[in-house]
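See below for the structure under consideration.
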Amino acid sequence: MSNRHLARTVAMQSLYEWDFNGKQEHALLPTTEKNLTNLAPGLAEADFVIKLVKGIQEKQKEIDKTIQGYAPEWPLDQITTVDRNVLRIGIYELTLDTSIPPKVAINEAIELAKSFGGASSGKFVNGVLGSIYKDMAEQGHPKVSKDETPAKKKIHKKILNN
């Protein structure tokens with residue numbers, strides 16, 4: 001398991017615990033630090049984990065509105081806690097973190113969903129993030145545009161239309 005993947009796993013587990021316990025404002029950072037110590041002692045990407053969970057916490061309302069907009073048939077409280085927090089990570093990295101390439105954000109979220117979610121979690125996360133990515137591409141979002149060469153755009157357009 002790569003360091004970044006392990007870092008995202010720790011972030012997801014911390015967000016899960018925080019969400020499950022009622023999203024107490026000051027509980028996420030101590031939970032994350034505890035999980036770093038217990039689940040990934042000495043992880044070189046600890047700063048990445050902290051940045052990720054802080055960013056998600058700060059933008060949680062915006063991220064949750066995005067989830068509701070792209071999965072309207074699933075009220076937020078009916079999405080499993082794992083899937084909800086994997087989507088929060090994926091949406092944050094896909095739309096708000098300029099240092100993460102879009103395809104990496106999507107792929108990592110799908111892998112987390114497959115590892116920790118139910119049988120259909122990977123497909124659900126892929127569907128939501130794929131729709132967001134498609135809209136970003138159609139709107140000429142700078143993150144998608146700089147990630148795409150003309151050849152990649154043609155291939156991705158073909159994939160999205162299937």
Side-chain angles (χ1 to χ4, degrees), residues 1-133 135-136 141 143-144 146-147:
M1 180 180 300
S2 76
N3 280 341
R4 281 281 171 106
H5 186 75
L6 178 57
R8 287 181 181 93
T9 299
V10 172
M12 192 279 301
Q13 290 173 321
S14 300
L15 289 163
Y16 177 96
E17 188 175 338
W18 173 70
D19 190 3
F20 185 81
N21 290 320
K23 295 182 284 204
Q24 297 171 356
E25 186 176 339
H26 300 291
L28 183 55
L29 191 55
T31 298
T32 303
E33 290 169 348
K34 174 192 65 137
N35 286 338
L36 279 165
T37 300
N38 293 339
L39 303 173
L43 179 67
E45 298 286 345
D47 290 343
F48 175 78
V49 176
I50 300 296
K51 178 185 172 221
L52 183 58
V53 297
K54 280 183 174 180
I56 291 167
Q57 184 178 31
E58 289 171 8
K59 299 291 187 176
Q60 184 227 321
K61 289 180 184 173
E62 179 183 327
I63 292 167
D64 287 355
K65 284 181 185 176
T66 302
I67 294 170
Q68 291 170 327
Y70 282 90
E73 60 283 349
W74 287 96
L76 200 59
D77 63 343
Q78 290 183 12
I79 297 172
T80 67
T81 308
V82 168
D83 291 354
R84 185 170 51 241
N85 286 291
V86 168
L87 283 171
R88 285 176 177 148
I89 291 170
I91 290 168
Y92 178 81
E93 289 192 329
L94 178 61
T95 64
L96 299 169
D97 188 336
T98 57
S99 68
I100 306 295
K103 296 297 181 178
V104 171
I106 294 169
N107 186 57
E108 286 291 327
I110 292 168
E111 291 304 316
L112 285 173
K114 287 179 180 178
S115 295
F116 297 100
S120 61
S121 293
K123 289 180 182 182
F124 177 64
V125 167
N126 185 37
V128 172
L129 296 180
S131 294
I132 294 169
Y133 179 83
D135 285 351
M136 289 171 67
H141 190 282
K143 186 172 179 181
V144 174
K146 81 176 177 186
D147 184 51

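What you are looking at is a predicted structure, and each value in this text was computed from that prediction instead of being measured.
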Derivation of the side-chain contact (heavy atoms from CB on, under 4.5 Å) call for Lys23 and Leu28:
CA-CA 8 Å; Lys23 295 182 284 204; Leu28 183 55; over 6 Å; no

side-chain contact (heavy atoms from CB on, under 4.5 Å) between Glu62 and Thr95, intermediate numbers included:
CA-CA 11 Å; Glu62 179 183 327; Thr95 64; 5.7 Å; no

With side-chain contact (heavy atoms from CB on, under 4.5 Å) as the test, would you mind laying out the steps for His141 and Tyr133 before giving the verdict?
CA-CA 9 Å; His141 190 282; Tyr133 179 83; over 6 Å; no

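With rounding to the nearest 0.5 angstrom, the OG atom of Ser115 is 12.0 Å from the CD1 atom of Ile110. Put simply, CG on Leu15 and CD on Gln57 are 8.5 Å apart, with the number rounded to the nearest 0.5 Å. In this structure, CG in Asp97 is found 9.5 Å from CD1 in Ile56, a value given to the nearest 0.5 Å. Here the straight-line distance linking atom CH2 of Trp18 with atom NE2 of His26 works out to 12.0 Å at 0.5 Å rounding. Distance check: Asn3 CG to Phe48 CZ gives 11.0 Å after rounding to the nearest 0.5 Å. If you take NZ on Lys61 and NZ on Lys65, they are separated by 8.0 Å, rounding to the nearest 0.5 Å.
Remark: Asp47 CG is loosely packed, at most 12 non-hydrogen atoms of other residues, nucleotides or ligands lying under 6.0 Å away. Summarising the local packing, NZ of Lys34 is surrounded by more than 12 heavy atoms from other residues, nucleotides or ligands at distances under 6.0 Å.
Nearest approach of Lys51 to Tyr92, heavy atoms of both residues: O-OH, 4.3 Å. Asn85 and Tyr16 get closest at one heavy-atom pair: ND2-CA, 3.8 Å. Closest approach of Ala40 to Leu6, counting heavy atoms only: CB-CD2, 3.9 Å. Annotation for Asp77 and Arg84: closest pair CA-NH1, 3.9 Å, computed over non-hydrogen atoms. In this structure, Leu52 and Ala11 approach most closely via the heavy-atom pair CD2-CB, 3.6 Å. Counting all heavy atoms, side chain and backbone alike, Gly90 lies closest to Ala105 at O-CB, 4.2 Å.
Put simply, the side chain of Ser120 never gets that close to the backbone of Lys123: no donor and acceptor are under 3.5 Å apart. The main-chain N or O of Glu17 is found under 3.5 Å from a side-chain atom of Asn21 such that the two form a donor-acceptor pair.
A 4.5 Å side-chain heavy-atom check between Ile100 and Glu108 finds every atom pair outside the cut-off. Residues Thr32 and Asn35 fail the side-chain proximity criterion, which asks for heavy atoms closer than 4.5 Å. Taking 4.5 Å as the limit, every side-chain heavy atom of Asp83 sits out of range of all side-chain heavy atoms of Trp74. Under the 4.5 Å side-chain criterion, counting only non-hydrogen atoms from C-beta, Thr31 is not in contact with Gln13. When side chains are defined from C-beta on, Ile67 does not count as touching Val128, because their heavy atoms never get closer than 4.5 Å. By the 4.5 Å heavy-atom criterion applied to side chains, Leu94 and Met136 are counted as neighbours. Put simply, the side chain of Thr66 does not reach to within 4.5 Å of the side chain of Leu87, judged on heavy atoms. Side-chain contact between Ile132 and Leu129 is present, with heavy atoms from C-beta onward closer than 4.5 Å.
Contact check on Arg8 versus Glu93 returns a salt bridge, with a Lys/Arg side-chain nitrogen under 4.0 Å from an Asp/Glu carboxylate oxygen.
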